[in-house]
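What follows is a single structure, written as structure tokens, with notes after it.
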Amino acid sequence: MRKTSHWLWLAALLVYLFLYLPLTVVVIYSFNDSRLNAEWVGFTSRWYKVLFQDEEMIQAAINSILIAIGASLIATLLGTMAGIAMHRYRLRVLPFLVITPVAMPEILLGVSLLLFFIQVLHLTLGLLSVLIAHITFCLGFVAIVVRARLTGMDESIFEAARDLGATPWKTFQLVTLPLIMPAVIAGALMSFTLSIDDFVITFFTAGVGVSTLPLQIYSMIKIAVTPEVNAVSTLLMLVTLGMIVLAAKFDKTVLRGQG
Amino acid sequence: MALLELRNLTRRFGSLTAVDNVSLSIEAGEFFTLLGPSGCGKTTILRMIAGFDLPDAGEILLDGKNIAATPPEERPLHTVFQSYALFPHLSVADNVAFPLKMSKVSAEETRRRVAEMLDTVHLSDKADAFPHELSGGQKQRVALARGLVNKPRLLLLDEPLGALDHKLREEMQIELINLQRTVGVTFVFVTHSQPEALALSHRIAVMNEGHIEQLGTPAHIYGQPVNRFVADFIGDINLMNAQVEAPGETSVHLAVAGLGRIVAPAPSGVKPGQSGAFAIRPEQVQIGAEDELANLANRFTGTLRDFLYVGDVTTYKVELANGTIIRALLPNTSSGGRARFLEMGDSVTVAWPAEAGMFLHE
């Protein structure tokens, strides 16, 4: 018994090292006093100063945040409705259709959205096209979280509200919405992180002239991986981590990955 | 005019007719029970009265007005659900205040009535608690308070005691009767538990396969079941196939194959030769030595096969000459009861008077 648990701990340790070592290295080298990532020279925070004076980087960050806010708000609204519909109508095809964009290879979704925007909508690629694309893949995620929350609930609660005099709308307002709120907030926060981190789909749908943080990082490392890239990556990592922790606080099913 | 009247109510689910042309009327102030095994249609009827389900045919008249198609929120009646269905995000007081809020009662009036109602169900000290902090019995009382606070014309109760343990159940039964008397609201109660129905109701409708088998007072249904189903479903009963020999004024002679003749009270409209069943409750059957029971009209000897001692009473199983097992239930008035003197395999006499038991039509 004791012996197995030692091995289990060792295996777990290795897995976590594998997951977090690269990230830790990125963070450490963001404080390296050297233009190159090759060797540790000394501690500095100057790369963060450089970062905050880089106008292209700041513009990219603003774009990223605007898109993430817009995409998470709209995806939350639509995803919540989809989640409720999936729960209520219990058609197997509904969850399937909503989950597919989440599970599909990103490159496929990116290419198909690009073709759709250009050939069908005749849209000029830019912030709007990126926003729509991000809503597409965030929506499914919100819907899954909201449905998971509803699944465990006693159906008669909603009937009780009607029975006690609440119209369908009042029932939604006073009973359904407060009960699914944790899932809605968690869905919104997860959408925000998905949107702000996304590279592949953004790459296909952004067109020229519009940049987001991941695109900006990519264009920088094409030249050289400078500690400035480490610095921006570190900040992005912090935001993402914060959002995930917050989301899990609102709805525990997020970490369990129920779908 | 009856408070609630169901006229030819029918509900089908695919090829299954869950409720089959049911008509009944319920008077104001009544404690009315729909009793039957699961799947007999009792819950479907309740859901149609509440408005969660729509009938395929028939009318639901409340105070003479057909409400069959009215949405649930517009019906002046409330439901107590088996799962209680309390709103988990609202405190006890807010749960009880919910129906008042929906009918736009003023805040002050709401506070007063919620306090009054919580007092009636002895939960004044739990007003600020949340449902997950309550015991089963307390949740039950909150659900009752929430259903009654707005003075509905009718309170529907769907197996409300089903989730409680045995002891709590009995306490809640007494509370339910008292509560119904205090508030004077008409109760329509659904249950599959016949002791519960007998203990609580003014009138009972025994249901089976979508229709009503018998409707009457508890004593009527227990004492004079109209057919085998009701006799068998309500309480414990001995049943044996019998044929009418000679119908008389007050009594009837029945022939039981392999056993002989039984004298039973005469039911109305039986003809000689008609077959059916003789039914008698175990507590009406006496057991003892032949000479002790000589004054009873029906006497048969048999062999004691089994007895079940449960403290206050003992159930004896006696095998008669034709192989029928008859059960006799006797109170243990002296310590140890008769079981002390009887042993398995003993030859005993079972007997009952001519006025006991009944003949049931096929």
Side-chain angles (χ1 to χ4, degrees), chain A residues 76-77 80-81 83-85 87-92 142 145-189 246-254 256 258, chain B residues 43 46-53 67 70-91 94-105 110 130-132 139 142-160 162-163:
Chain A
T76 302
L77 184 72
T80 302
M81 296 199 285
I84 293 171
H87 176 72
R88 184 158 314 160
Y89 301 111
R90 290 172 203 270
L91 283 172
R92 275 174 176 275
V142 178
V145 182
V146 168
R147 187 179 72 137
R149 175 100 187 158
L150 280 168
T151 303
M153 252 174 238
D154 176 12
E155 276 311 292
S156 53
I157 287 173
F158 309 111
E159 284 185 346
R162 295 287 304 276
D163 182 69
L164 295 165
T167 58
W169 172 243
K170 275 274 176 206
T171 301
F172 176 75
Q173 228 185 324
L174 298 174
V175 179
T176 317
L177 195 57
L179 288 179
I180 60 170
M181 204 35 120
V184 172
I185 293 174
L189 293 171
L246 220 59
K249 253 193 142 72
F250 278 105
D251 190 347
K252 286 170 185 62
T253 55
V254 167
R256 264 188 271 138
Q258 279 187 359
Chain B
T43 299
L46 200 77
R47 292 180 62 79
M48 287 191 285
I49 300 173
F52 306 135
D53 202 355
I67 57 161
T70 312
E73 64 267 25
E74 288 168 29
R75 300 184 188 200
L77 45 90
H78 295 325
T79 308
V80 173
F81 293 84
Q82 185 169 15
S83 62
Y84 317 131
L86 301 180
F87 305 125
H89 60 300
L90 298 180
S91 70
D94 287 340
N95 261 285
V96 178
F98 191 90
L100 298 173
K101 203 171 153 191
M102 289 305 104
S103 45
K104 302 199 165 54
V105 173
T110 300
F130 280 84
H132 68 90
K139 283 184 199 170
V142 177
L144 283 166
R146 188 179 66 175
L148 287 169
V149 73
N150 207 12
K151 301 188 172 71
R153 299 290 290 141
L154 208 64
L155 188 71
L156 309 172
L157 302 106
D158 184 11
E159 306 250 8

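Below, chains carry the letters A, B, ... as their sequence lines are ordered, and counting in each starts from 1.
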Top of B/Lys101, B/Glu74, B/Arg146 for chain A proximity - count of heavy-atom pairs under 4.5 angstrom: B/Arg146
Heavy-atom cut-off 4.5 Å, strictly under: side chain, backbone, both or neither for B/Ser103 against chain A? neither
4.5 Å side-chain heavy-atom contact, A/Glu159 and B/Pro72: no
Nearest atoms (heavy-atom pairs only) where B/Phe81 meets A/Ser156: CD2-CB, 3.6 Å
Out of curiosity, A/Arg162 CZ to B/Met102 CE, how far, rounded to the nearest 0.5 Å? 12.5 Å
Heavy-atom side-chain contact between A/Met181 and B/His89 under 4.5 Å: no
Side-chain contact test, heavy atoms from C-beta onward, threshold under 4.5 Å: evaluate it for A/Thr171 versus B/Glu73 and give yes or no. no
Rounded to the nearest 0.5 Å, how far does CZ of B/Phe52 lie from CG of A/Asp163? 4.0 Å
Distance in Å, A/Leu174 CG paired with B/Phe98 CZ, rounded so as to fall on 0.5 Å steps: 5.0 Å
Contact origin within B/Leu86 toward chain A - heavy atom pairs under 4.5 Å: backbone
Flag side-chain contact, heavy atom, 4.5 Å: A/Ile157 against B/Pro88: yes
